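From a predicted model like this one, the values you see are computed outputs, not experimental measurements. We name chains A, B, ... by the order of the sequence lines, and we start the count at 1 in each one.
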Protein chains: 2
Amino acid sequence: MTRGGTTGRRERLRAETTAEIKRVALELMASSGPDAITLRAIAREMGMTANAIYGYFATRDDLITTLIKDVYTALADAVDAAWEASSEEDPATRIRSWADAFRNWSLANPQGFRLVYGDPVPGYRAPEDGAAPDAARRVCIGLTALAACAWPQAEHLYADSAFDWPDFDPALLDKVRPAFPELPPAAVALALRIWGHLHGLVSLEVYGHMGAQTVSPDKLFHEELTQLVRALTLTPATGG
Amino acid sequence: MTRGGTTGRRERLRAETTAEIKRVALELMASSGPDAITLRAIAREMGMTANAIYGYFATRDDLITTLIKDVYTALADAVDAAWEASSEEDPATRIRSWADAFRNWSLANPQGFRLVYGDPVPGYRAPEDGAAPDAARRVCIGLTALAACAWPQAEHLYADSAFDWPDFDPALLDKVRPAFPELPPAAVALALRIWGHLHGLVSLEVYGHMGAQTVSPDKLFHEELTQLVRALTLTPATGG
DNA sequence: CACAGAAACTATACGGCGTGAAGTTTCTGC
DNA sequence: GCAGAAACTTCACGCCGTATAGTTTCTGTG
């Protein structure tokens with residue numbers, strides 16, 4: 001008979017080792033950048049041989065994919081939490097919360113941001129459906145929620161929008177439309193544009209293409225959000 | 001006596017070899033991605049030994065830096081040309097031209113875009129003052145020119161702007177203020193925000209974080225520009 | 001012309017990388 | 001106690017950047 005306790009021991013050790021590999025990998029990334037994630041370095045840190053890791057991850061890329069999944073999920077948790085915590089009745093503040101959470105997480109985990117959104121590790125190639133489809137979907141839906149909550153007040157700005165459903169990738173719409181059945185194509189376009197703005201500014205900041213340029217990127221991001229809610233004709237949070 | 005013709009021969013051969021190294025490197029990048037830029041691969045392609053390249057570039061990173069300089073300069077040429085070719089009297093069209101040139105170049109040279117703005121080659125570390133300070137300066141000034149040409153009409157939108165010169169990196173201001181002495185801090189902030197928008201959207205497109213999401217990124221980018229000139233209260237190009 | 005010296009290039013080597021194959025130790029369930 | 005599985009090590013291969021030393025080829029001068 002296979003007693004649960006006994007079988008569980010191996011499994012527990014295995015889970016612990018798996019967790020340690022990931023932890024050490026993330027530490028290496030945080031301290032020395034994504035380049036430092038090498039099987040040999042991880043093994044060295046753990047007092048093991050590099051090949052031992054193959055018992056836990058089929059290839060190095062599999063390990064990276066798992067890391068991306070973890071990190072991306074943490075990001076999704078952060079923005080989702082900010083969204084949930086904000087008042088449903090104040091779209092402007094809600095958008096600010098989400099965007100601030102996104103930026104704050106990214107600045108707190110710059111290496112994670114690079115891992116998720118950049119070319120992270122030397123020769124890494126993501127799997128066909130993306131490294132972390134679930135987390136990507138969550139962020140995508142969160143983003144659409146921004147557009148959705150602003151839409152009632154902002155719709156009039158896009159009366160002449162020329163977007164139609166065929167303009168978008170069916171895979172994207174499969175994610176978005178079930179969650180927001182009422183939303184028109186123009187709102188999806190708005191969501192993508194907002195995504196471009198936020199990702200763009202944060203990316204410049206994280207990659208230092210701007211960090212070396214602006215002393216107070218905080219102010220700039222805040223200004224961006226102010227202009228965004230103003231452009232969407234939402235009640236500005238500061239205005240009262 | 002050192003006759004110019006004879007001395008010139010070696011120099012010419014040297015220049016040709018240098019050019020071939022760069023050409024082969026760019027071909028490798030275009031065909032197999034930035035990862036493929038290795039001294040050994042270049043040498044293989046040229047029927048040489050990898051070490052021979054050290055006669056032309058001190059290190060691999062020096063070669064990469066030179067490539068970035070070349071590619072970045074080509075980008076700067078493209079956007080500058082679009083700017084020069086557009087009418088001085090129509091800010092909206094001018095901004096569109098610049099932005100379109102930026103996007104078109106980036107889509108035509110996605111690997112180049114990654115080389116300039118992403119983590120390009122595995123372990124590459126850019127020199128202290130950036131890989132291509134000259135080209136970066138040109139793009140930066142071109143960008144500020146966008147804000148500058150929109151400023152007369154857009155200034156009223158930023159009357160309550162809280163930006164001041166100390167908010168910006170002195171190095172940035174050294175580039176920008178001599179070229180645009182009249183420009184206030186709020187306009188520089190606007191330029192940086194526009195940069196974030198454009199870079200963000202193009203970056204999402206180039207990296208496929210959106211390529212897999214939008215079937216017609218063209219339309220989306222166009223929409224972005226329309227909203228931008230509208231937000232800046234410039235005469236829309238289509239409106240007449 | 002010969003010849004010294006510089007320039008261009010090759011050969012060899014080292015350490016690092018991912019990873020495959022084969023061997024060894026340690027644990028587990030009967 | 002023992003067969004077998006799981007965990008891990010050893011060795012090997014080919015890739016990488018690059019340092020050192022040696023070899024070839026070109027160049028200007030006598």
Side-chain angles (χ1 to χ4, degrees), chain A residues 1-21 24-25 28-29 32-67 119-127, chain B residues 1-21 24-25 28-29 32-67 119-127:
Chain A
M1 186 214 282
T2 304
R3 285 181 300 117
T6 319
T7 304
R9 180 176 142 72
R10 273 255 186 103
E11 276 169 16
R12 200 182 61 246
L13 285 177
R14 188 178 176 74
E16 277 168 13
T17 306
T18 306
E20 190 183 356
I21 293 172
V24 170
L28 284 169
M29 179 180 74
S32 313
D35 298 9
I37 306 180
T38 68
L39 297 183
R40 291 179 130 103
I42 295 167
R44 224 176 290 133
E45 201 77 19
M46 294 176 65
M48 281 174 35
T49 305
N51 275 359
I53 298 178
Y54 283 91
Y56 300 87
F57 298 93
T59 65
R60 187 204 59 149
D61 280 16
D62 271 29
L63 168 59
I64 305 287
T65 297
T66 303
L67 292 178
D119 308 82
V121 189
Y124 175 71
R125 282 293 128 223
Chain B
M1 187 215 286
T2 305
R3 286 181 298 112
T6 318
T7 303
R9 182 179 138 72
R10 269 247 258 253
E11 277 169 15
R12 200 182 61 246
L13 285 176
R14 187 176 177 76
E16 277 169 13
T17 306
T18 306
E20 191 183 355
I21 293 172
V24 170
L28 284 170
M29 179 181 74
S32 314
D35 298 8
I37 306 180
T38 68
L39 297 184
R40 292 180 130 103
I42 295 167
R44 225 175 289 133
E45 200 79 17
M46 294 176 65
M48 281 173 37
T49 305
N51 275 355
I53 297 178
Y54 282 91
Y56 300 88
F57 298 93
T59 65
R60 186 203 60 149
D61 280 16
D62 271 30
L63 168 59
I64 305 286
T65 298
T66 304
L67 292 179
D119 309 82
V121 189
Y124 175 70
R125 282 294 128 222

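Whole-Å rounding puts the B:Leu63 CG to D:dC16 C1' distance at 14 Å. Between A:Asn51 atom CG and D:dC11 atom P there is a gap of 12 Å when expressed in whole angstrom units. Going from atom CG of A:Leu39 over to atom C1' of D:dT9 covers 15 Å, rounded to whole Å. Look at CZ on B:Arg40: it is 11 Å from C1' on C:dA13, rounded to the nearest Å. Taking atom CE of B:Met48 as the reference point, atom P of D:dT25 lies 15 Å away to the nearest angstrom. Between the CD atom of A:Glu11 and the C1' atom of D:dA7 there is a distance of 15 Å, given to the nearest Å. To the nearest angstrom, P of D:dG17 lies 14 Å from CG of A:Asp35. Summarising the geometry, the separation between CE on A:Met46 and P on D:dT9 is reported as 10 Å, rounded to the nearest angstrom.
Note that CG of B:Leu13 and OG1 of B:Thr18 are 10.5 Å apart. Values are rounded to the nearest 0.5 Å. Note that the CZ atom of B:Arg40 and the CG atom of B:Asn51 stand 7.5 Å from one another [nearest 0.5 Å]. For the atom pair CD1 (B:Ile64) and CG (B:Leu39), the distance works out to 8.0 Å, reported to the nearest 0.5 Å.
Between A:Tyr56 and D:dC8, a side-chain N or O to OP1/OP2 separation shorter than 4.0 Å is present. OP1 or OP2 of D:dC8 has not a single side-chain nitrogen or oxygen of A:Thr49 nearer than 4.0 Å. Between A:Arg44 and C:dC17, a side-chain N or O to OP1/OP2 separation shorter than 4.0 Å is present. B:Arg14 has a side-chain polar atom (N or O) that falls below the 4.0 Å cut-off from OP1 or OP2 of C:dA8.
Of the possible donor and acceptor atoms, one in the side chain of B:Thr38 sits under 3.5 Å from a partner among the backbone N and O of B:Ala41.
Of the residues near DNA chain D, B:Leu13 and B:Thr38, the one whose nearest nucleotide (by heavy atom distance) lies more toward the 5' end is B:Thr38. A residue-by-residue look at A:Ile53 and B:Ala50 shows that A:Ile53 has its nearest nucleotide of DNA chain D further toward the 5' end.
Within 4.0 Å of B:Thr59, counting heavy atoms only, lie sugar-phosphate atoms of the nucleic acid but no base atom.
For B:Ala41, taking side-chain heavy atoms from C-beta onward, the closest of the listed nucleotides D:dC16, D:dG17, C:dC17 is D:dC16.
B:Arg60 and B:Ile37 get closest at one heavy-atom pair: CD-O, 4.4 Å.
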